[in-house]
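Model, not experiment: these values are computed from the prediction. In the text below, chain A, chain B and the rest are named by the order of the sequence lines, each starting its count at 1.
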Protein chains: 2
Amino acid sequence: MKLTSKGRYAVMALVDLARFDSINPVSLRDISLRQGISLDYLEQIFSKLKKNEIVKSIRGTQGGYVLNKNPNDIKLTNIFHAVDEKVKTVQCKRESKRGCNGKATKCITHNLWDELETHINTFFENKSLDDLLKNKKETRV
Amino acid sequence: MKLTSKGRYAVMALVDLARFDSINPVSLRDISLRQGISLDYLEQIFSKLKKNEIVKSIRGTQGGYVLNKNPNDIKLTNIFHAVDEKVKTVQCKRESKRGCNGKATKCITHNLWDELETHINTFFENKSLDDLLKNKKETRV
DNA sequence: ACATACCTGACTAAAATGGTCAAGTTTAGA
DNA sequence: TCTAAACTTGACCATTTTAGTCAGGTATGT
Ligand code: FES
Ligand code: FES
């Protein structure tokens with residue numbers, strides 16, 4: 001069970017963006033430099049964030065990205081959904097009438113994994129970008 | 001973020017084992033057939049479960065595996081640890097004095113991922129094999 | 001005009017995953 | 001004693017996923 005870089009970077013970038021957003025749009029170049037994330041990779045990520053209306057883009061010189069919503073209304077769930085970072089604990093297709101073993105009944109651990117998935121998603125639903133901004137200081141090691 | 005088959009299978013197999021354990025040792029062949037898991041793969045998994053003293057083996061004809069502890073004392077954490085299914089949300093090395101960006105400070109999202117990791121691990125620490133046995137019925141679809 | 005910055009799609013090296021395969025050793029029971 | 005069931009070990013491998021890179025664009029403020 002691990003978090004992928006895409007999801008981690010998406011959140012990092014958005015926190016960075018939210019911090020500097022106030023006056024001017026923020027360029028991916030700046031985020032790339034500040035957070036140490038590849039610019040090309042960031043572009044892929046922001047393309048998805050834009051499609052999902054989490055950010056707006058402003059082209060041309062002095063352009064960049066701006067949040068498209070109040071930080072309070074951007075939950076981790078929304079971010080992860082946008083970049084296809086999905087939580088998948090069950091093996092079976094959720095809609096399917098069959099279990100992961102191919103039988104007509106769900107397997108003996110299905111309920112457990114389902115519970116786990118809910119447990120994790122709850123965390124993501126309850127965290128907003130705003131919550132992350134409150135914890136502004138980079139923690140000293 | 002997804003659960004790997006190794007972790008999922010380990011738990012499935014142990015629940016199956018615990019159900020039939022009462023009188024005789026249970027052969028991997030039986031578990032393989034009942035749960036639809038490759039026998040060769042199960043052998044790898046049980047080798048690890050044995051090293052971690054979660055099961056005992058009995059060789060020869062009529063042999064098989066038996067739980068080595070009370071189902072109540074086998075937590076998901078123990079199972080996952082045994083088969084190297086680890087929860088990893090942070091990018092940086094936990095012991096390291098540096099952040100995932102190579103800087104001397106932890107990155108702006110480090111605390112968040114740390115919190116997430118704790119959140120997930122709590123779930124695993126609180127679930128025992130015994131809890132799973134109570135929910136014996138395979139749920140009808 | 002031109003530099004800055006967004007935009008798009010194709011491509012790929014490396015790692016992880018989810019196994020298989022082969023060649024054993026041990027032991028109960030006929 | 002012989003044999004088949006079942007554990008044991010280690011090597012091997014195909015496929016998929018990840019985490020990017022690369023090579024082109026297009027839009028726009030100055
Ligand atoms: S995980 Fe859904 S049936 Fe096994
Ligand atoms: S995840 Fe630990 S420093 Fe970034």
Side-chain angles (χ1 to χ4, degrees), chain A residues 1-13 17 20 24-52 54-66 68 80 83-89 91 100-101, chain B residues 1-13 17 20-21 23-52 54-66 68 80 83-89 91 100-101:
Chain A
M1 293 235 68
K2 69 180 161 207
L3 190 68
T4 67
S5 286
K6 191 179 286 187
R8 193 182 298 107
Y9 287 167
V11 177
M12 276 176 83
L17 175 60
F20 289 88
N24 301 306
V26 180
S27 74
L28 292 190
R29 179 151 205 288
D30 287 352
I31 298 181
S32 165
L33 290 173
R34 276 194 297 258
Q35 304 303 330
I37 305 170
S38 142
L39 176 58
D40 285 321
Y41 203 21
L42 273 180
E43 277 171 352
Q44 288 182 38
I45 294 171
F46 272 75
S47 152
K48 298 187 179 199
L49 292 174
K50 189 188 168 188
K51 277 200 190 94
N52 282 265
I54 292 173
V55 295
K56 277 185 300 197
S57 68
I58 292 150
R59 302 186 71 153
T61 320
Q62 304 299 335
Y65 285 93
V66 184
N68 197 17
F80 280 174
V83 299
D84 305 311
E85 171 88 33
K86 36 186 168 259
V87 177
K88 181 164 168 56
T89 57
Q91 175 78 335
C100 60
N101 41 23
Chain B
M1 292 234 72
K2 69 179 159 209
L3 191 67
T4 67
S5 286
K6 191 179 288 188
R8 194 182 298 108
Y9 288 167
V11 177
M12 277 176 84
L17 176 60
F20 289 88
D21 177 309
I23 311 164
N24 301 306
V26 180
S27 74
L28 293 191
R29 180 151 203 287
D30 287 352
I31 298 181
S32 165
L33 289 174
R34 277 195 295 260
Q35 304 303 329
I37 305 171
S38 143
L39 177 58
D40 284 320
Y41 203 23
L42 272 180
E43 278 169 351
Q44 287 183 38
I45 292 172
F46 272 76
S47 152
K48 298 187 180 200
L49 292 175
K50 190 188 168 188
K51 278 202 189 92
N52 283 265
I54 291 173
V55 295
K56 277 185 300 198
S57 69
I58 293 153
R59 301 185 70 154
T61 320
Q62 306 297 334
Y65 285 93
V66 183
N68 197 16
F80 280 174
V83 299
D84 306 312
E85 171 88 34
K86 33 187 170 261
V87 177
K88 182 164 167 52
T89 57
Q91 174 79 337
C100 59
N101 40 24

Trainee: Compare every heavy atom of A/T89 with every heavy atom of B/L3, then report the nearest pair and how far apart it is.
Mentor: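 Heavy atoms only, the tightest pair is CD2-O, 3.8 Å.
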Trainee: So, applying salt bridge (charged side-chain N to carboxylate O under 4.0 Å, His left out) with B/D84, which one of B/K6, B/K51, B/K48 is it?
Mentor: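 Result: among B/K6, B/K51, B/K48, B/K48 is the only option passing the salt bridge (charged side-chain N to carboxylate O under 4.0 Å, His left out) with B/D84.
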Trainee: Do you know the tightest heavy-atom contact between A/N101 and B/Q35?
Mentor: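 The answer is CB-O, 4.1 Å.
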Trainee: Reckon A/S27 has a side-chain N or O less than 4.0 Å from the OP1 or OP2 of C/dT4?
Mentor: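 The answer is no; no side-chain N or O of A/S27 sits under 4.0 Å from OP1 or OP2.
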Trainee: Rounded off to whole Å, could you give me the CG-to-P distance for the B/D84 and C/dA16 pair?
Mentor: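 Answer to the nearest Å: 12 Å.
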Trainee: Should A/K2 be listed as having a side-chain N or O under 4.0 Å from OP1 or OP2 of D/dT18?
Mentor: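 For D/dT18, OP1/OP2 do not have a side-chain N/O of A/K2 under 4.0 Å.
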Trainee: Which atom names give the shortest non-hydrogen contact between B/S38 and B/S32, and what distance separates them?
Mentor: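 Distance-wise, the nearest heavy atoms are C-OG, 4.3 Å.
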Trainee: So, does B/R29 use its side chain to make a donor-acceptor pair with the main chain of B/G64 at under 3.5 Å?
Mentor: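 Here the side-chain-to-backbone pair does not exist.
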Trainee: Take the protein atom NZ of B/K56 and the nucleotide atom P of D/dT8, then report the distance between them rounded to whole Å.
Mentor: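 Distance check: B/K56 NZ to D/dT8 P gives 13 Å.
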Trainee: For C/dA16 and B/K6 - does any side-chain N or O of the residue sit under 4.0 Å from the phosphate oxygens OP1/OP2?
Mentor: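 So the side-chain polar atoms of B/K6 never come under 4.0 Å of the phosphate oxygens OP1 or OP2 of C/dA16.
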Trainee: Counting only N and O atoms by type, is there a donor-acceptor contact under 3.5 Å from the side chain of B/E85 to the main-chain atoms of A/M1?
Mentor: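 Answer holds: yes.
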Trainee: NA contact type, B/V26, heavy-atom cut-off 4.0 Å: base, sugar-phosphate, or nothing?
Mentor: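 Sugar-phosphate: the residue B/V26, judged by heavy atoms under 4.0 Å, touches backbone atoms but no base.
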Trainee: Quickly work out the B/L28 CG to D/dA6 C1' distance and round it to whole Å.
Mentor: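 It works out to 8 Å between those atoms.
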Trainee: For nucleotides 20-30 of chain D, read 5' to 3', which letter fits each nucleotide if B means a protein heavy atom sits under 4.0 Å from the base, S means only the sugar-phosphate is that close, and - means neither?
Mentor: BBB--BBBBB-
Trainee: Look at the rings of A/Y65 and A/F46 and say which category their plane angle falls in: under 30° parallel, 30 to 60° tilted, over 60° perpendicular.
Mentor: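 Tilted.
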Trainee: Nearest whole angstrom, please: distance from the P of D/dG10 to the NZ of B/K48.
Mentor: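 From B/K48 NZ to D/dG10 P: 12 Å.
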Trainee: Whole-Å distance between D/dT17 C1' and B/L3 CG?
Mentor: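 Spelled out: CG on B/L3 to C1' on D/dT17 is 16 Å.
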Trainee: Rounded to whole angstroms, how far apart are NZ on A/K88 and P on C/dT17?
Mentor: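 Taking atom P of C/dT17 as the reference, NZ of A/K88 is at 15 Å.
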Trainee: Could you check how far CG of A/L17 sits from P of C/dC6, rounded to whole Å?
Mentor: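 Between P of C/dC6 and CG of A/L17: 10 Å.
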Trainee: Heavy atoms only, 4.0 Å cut-off, all strands: where does A/Y65 land among base, sugar-phosphate and nothing?
Mentor: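 If one applies the 4.0 Å heavy-atom cut-off, A/Y65 turns out to touch the sugar-phosphate alone, with no base involved.
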Trainee: Round to a whole Å and report the spacing from CZ of A/R8 to C1' of D/dT17.
Mentor: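 Computing the A/R8:CZ to D/dT17:C1' distance gives 15 Å.
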